[in-house]
Enquirer: 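Questions regarding the structure given below will be posed in turn.
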Amino acid sequence: MGKFVIRGGKRLEGEIRLAGAKNAATKLMIASLLTDEPCRLDNFPDIGDTEITEELCRNVGSEIQKQGTTVTIQTSDIKTNRIVLEQTRKNRIPILALGPLLHRTGEAEVPILGGDKIGARPVELHIKALQALGAEIEENGNTYRARAKGGLRGAEIKFDFPSVGATENTILAAVLAKGKTVLKNSALEPELMNVVKMLQKMGAIIELGANRDFYIEGVQKLHGVRHKVLPDRNEAVSFACLAIATNGRILVREAVQDNLITFLNTVRRMGAEYEVVPEGIIFSRPNSLRPVEVQTAVHPGYMTDWQQPLGVLLTQADGISRIHETIYEDRFGYIEDLNRMGAKAEIQTACPPESPCRFSGKNFAHVALLHGPTPLRGAKLAVRDLRSGIAHVIAALVANGESEIENVEELDRGYEKIDERLRKLGAEISRSG
Ligand code: EPU
């Protein structure tokens, strides 16, 4: 198991360039399975989740070439429509291959999903949507088996909740289905729109209407494409929080203002500084920090993957802050770790009275109150999931003394060479194991 040793308490300064987004790159790879022509993906990140997805693609028959940050994938023939590799259970991607494999071979088998341990994470919205498009799906022990011998056909589908994965899954299946699909109450996350733009370039007809509706007209064939993975906005927020929490100043190269609107508003409310420049966004902290109240939401709201770096920052704010997590029922494990480092934070199950969410009355520990400012001290930690892992790293860099963080492979799944890049900002971080 890999481990980071971090000596904290230093101001981090300089510039860091964002890698391509994990949550787009992996989906673009799956989108490439919809054609037998080559798909070239630029700004491709070198992370664990893309490695796992490469293995998935190679298993079904893709040829993959890599040159620097460019990856070319071509799947001339599907060798197998069964994805049963143990490795692919580690993330949420295989279920997205159902649509492409059904189009190419009429049948598919994918493992029941893995991914971070942050709550139940059911996939009934994916399954119901694919069934509405004509797939027959059965759960078979550890896998889903799907068939669509006569091909998929368009349908009208309304999601109870704007799930990112279910929206992506349905779009990937609908672009080559016969006829029109209407998708209501869809997710609109920038990573998903990155996939939509790739599909459009490949020949798909996808319209975005009002009220989170997508209108998709099935086409007969998609072709090869050259497409850029959008810069990772979760990395952007992590590095921004790091700059502010360590009292430093960091230019986050390639950070895109459009994709960070709610985060930037939060930075301003806290009294920290940002400046949008042609190369990206510079984050710094000229003042003491004010507390804030944040509620996570689907895009364009405050993203759930941003609450953990913010949680660390809020331990340094002057007063009581609140984070209300409305996307996942169990995403505050890291708060316990922050308390061990000297933070004063408590977790509650009741929604704030003025903003009940879908977890209201369900007894989920989904509200955190953080009392700041509290100095942090080094501790021994083990990464629980990807985003809580980055909270550990930021907290260790803020803390006085030395911290040890175990299980950093989990961080490598989504943050490219994080230790090397942080060292260039002045961080004292070393890896072993
Ligand atoms: N949900 C259901 N039923 C479904 C699908 C989802 O109840 O059929 C629930 C989930 O249980 C969860 C919520 O809806 O409580 C959100 O799930 P969603 O489907 O929107 O998320 P996802 O597609 O599984 C992606 C990212 C997550 C990110 C979320 C929300 C990938 C691979 N993962 O997950 O990223 O938090 O969208 O934006 O794209 C991460 O990168 O660390 C990460 C967890």
Side-chain angles (χ1 to χ4, degrees), residues 12 15-24 162 164 187-194 230-287 289-317 321-328 331-332 334-335 355 357 368 370 372 386-391 393-395 397-398 414-415 418 425:
L12 297 194
E15 51 182 74
I16 189 162
R17 188 181 166 281
L18 298 179
K22 160 180 99 75
N23 290 345
V164 174
L188 302 172
E189 268 59 9
E191 294 77 16
L192 182 155
M193 293 308 297
N194 197 217
L230 91 162
D232 195 316
R233 63 199 178 113
N234 293 334
E235 277 203 351
V237 167
S238 307
F239 302 144
C241 289
L242 185 63
I244 300 167
T246 63
N247 226 336
R249 180 184 165 86
I250 298 177
L251 163 62
V252 182
R253 279 194 178 269
E254 305 237 348
V256 179
Q257 180 183 10
D258 278 7
N259 298 338
L260 293 166
I261 299 279
T262 48
F263 176 71
L264 295 175
N265 290 334
T266 306
V267 168
R268 180 124 305 147
R269 285 189 192 108
M270 293 184 77
E273 283 287 319
Y274 69 85
E275 190 187 344
V276 180
V277 294
E279 303 79 28
I281 306 182
I282 302 170
F283 293 91
S284 60
R285 168 176 159 189
N287 306 308
L289 297 174
R290 289 188 290 271
V292 286
E293 291 184 357
V294 165
Q295 176 160 306
T296 63
V298 294
H299 187 75
Y302 192 97
M303 209 196 176
T304 169
D305 297 338
W306 302 343
Q307 58 101 339
Q308 306 77 354
L310 182 74
V312 181
L313 194 49
L314 294 178
T315 66
Q316 305 306 302
S321 298
R322 184 176 68 203
I323 304 176
H324 181 197
E325 169 61 62
T326 75
I327 304 296
Y328 293 108
R331 225 181 180 188
F332 280 128
Y334 73 98
I335 292 283
S355 48
C357 76
L370 298 109
L386 180 57
R387 305 297 164 198
S388 73
I390 202 69
V393 171
I394 299 171
L397 287 165
V398 171
Y415 290 88
I418 187 73
L425 296 171

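Positions are given from 1 along the sequence. Predicted, not measured: the structure shown is a model, and the values here were computed from it.
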Enquirer: Just to verify, which of His324, Arg387, Glu325 counts as forming a side-chain hydrogen bond (donor to acceptor under 3.5 Å, both in side chains) with Gln307?
Expert: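 Going through the options one by one, the only one that passes is Glu325.
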Enquirer: Say whether, by atom type as modelled, one donor and one acceptor occur between the side chain of Thr246 and the main chain of Leu12 under 3.5 angstrom.
Expert: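 Yes, because the side chain of Thr246 sits within donor-acceptor range (under 3.5 Å) of the backbone of Leu12.
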Enquirer: Quick one: do Ile16 and Leu242 satisfy side-chain contact (heavy atoms from CB on, under 4.5 Å)? Show the steps, please.
Expert: CA-CA 12 Å; Ile16 189 162; Leu242 185 63; over 6 Å; no
Enquirer: Identify the heavy atoms of Ala368 and Ile335 that sit nearest to each other, and give their distance.
Expert: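 For Ala368 versus Ile335, the nearest heavy atoms are CB-CD1, 4.2 Å.
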Enquirer: Would a distance-only check, ignoring hydrogens and angles, find a side-chain to backbone donor-acceptor pair under 3.5 Å from Asn194 to Leu230?
Expert: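 Checking the backbone N and O of Leu230 against the side chain of Asn194, a donor-acceptor pair under 3.5 Å is found.
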Enquirer: Might you work through the side-chain contact (heavy atoms from CB on, under 4.5 Å) test for Tyr302 and Ile323, ending with a clear yes or no?
Expert: CA-CA 10 Å; Tyr302 192 97; Ile323 304 176; over 6 Å; no
Enquirer: Once you round to the nearest 0.5 Å, how far does CG of Leu313 lie from OG of Ser321?
Expert: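 Here the rounded value is 8.5 Å.
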Enquirer: Hey, which of Asn287, Leu310, Val294 is the one that makes side-chain contact (heavy atoms from CB on, under 4.5 Å) with Met270?
Expert: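 It is Leu310; the other options fail the test.
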Enquirer: Show your working on side-chain contact (heavy atoms from CB on, under 4.5 Å) between Asn234 and Met303 and close with a plain yes or no.
Expert: CA-CA 9 Å; Asn234 293 334; Met303 209 196 176; 3.3 Å; yes
Enquirer: Can you see which heavy atom on Leu260 is nearest to which on Ala236, and at what distance?
Expert: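 That would be CD1-CB, 4.1 Å.
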Enquirer: More than 12 heavy atoms of other residues, nucleotides or ligands under 6.0 Å from CZ of Arg285: yes or no?
Expert: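 Yes, the 6.0 Å shell around CZ holds more than 12 heavy atoms from other groups.
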Enquirer: Within this structure, what is the SG-CD1 distance for the pair Cys241 and Ile390, rounded to the nearest 0.5 Å?
Expert: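 Going from the SG atom of Cys241 to the CD1 atom of Ile390 covers 10.0 Å.
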Enquirer: Determine, stepwise, if the pair Leu264 / Phe283 fulfils side-chain contact (heavy atoms from CB on, under 4.5 Å).
Expert: CA-CA 10 Å; Leu264 295 175; Phe283 293 91; 3.7 Å; yes
Enquirer: How close do Tyr334 and Gly311 get, counting heavy atoms only, and between which atoms?
Expert: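 What the structure gives for the nearest pair is OH-CA, 3.8 Å.
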Enquirer: Among Arg233, Lys22, Arg331, whose side-chain hydrogen bond (donor to acceptor under 3.5 Å, both in side chains) with Asp305 holds?
Expert: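 Answer after filtering Arg233, Lys22, Arg331: Arg331.
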Enquirer: Within this structure, what is the CZ-CG distance for the pair Arg322 and Leu370, rounded to the nearest 0.5 Å?
Expert: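 It is 11.5 Å, given to the nearest 0.5 Å.
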Enquirer: Would you find a donor on one side and an acceptor on the other, under 3.5 Å apart, between the side chain of Thr296 and the backbone of Thr326?
Expert: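 Judged by distance alone, yes, a pair lies under 3.5 Å.
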Enquirer: Shortest non-hydrogen contact from Val298 to Pro162?
Expert: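 Shortest heavy-atom separation between Val298 and Pro162 comes out as CG1-O, 4.0 Å.
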Enquirer: Distance check, rounded to the nearest 0.5 Å: Asp232 atom CG versus Arg17 atom CZ?
Expert: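 Spacing of CG (Asp232) from CZ (Arg17) equals 11.5 Å.
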Enquirer: Considering non-hydrogen atoms only, spot the tightest contact between Val256 and Pro231 and give its length.
Expert: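 That would be CG2-CG, 4.2 Å.
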Enquirer: Look at the side chain of Glu279 and the backbone N and O of Arg253, then say whether any donor-acceptor pair between them is shorter than 3.5 Å.
Expert: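 Checked: no pair found.
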Enquirer: Which heavy atom of Gly301 sits nearest a heavy atom of Trp306, and at what distance?
Expert: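 Heavy-atom minimum between the residues: O-CZ3, 4.4 Å.
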Enquirer: Just how far is it from atom CD of Glu275 to atom CZ of Arg249, taken to the nearest 0.5 Å?
Expert: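 The CZ atom of Arg249 is 6.5 Å from CD of Glu275, to the nearest 0.5 Å.
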Enquirer: In Å, rounded to the nearest 0.5 Å, how long is the span from CZ of Phe332 to CD of Gln308?
Expert: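 Nearest 0.5 Å value for the CZ-CD distance: 8.0 Å.
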Enquirer: Could you list all the side-chain hydrogen bond (donor to acceptor under 3.5 Å, both in side chains) pairs where at least one residue sits in residues 260-271, not counting sequence neighbours?
Expert: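 For residues 260-271, and leaving out neighbouring residues, the side-chain hydrogen bond (donor to acceptor under 3.5 Å, both in side chains) pairs sorted by first residue read Arg268-Tyr274.
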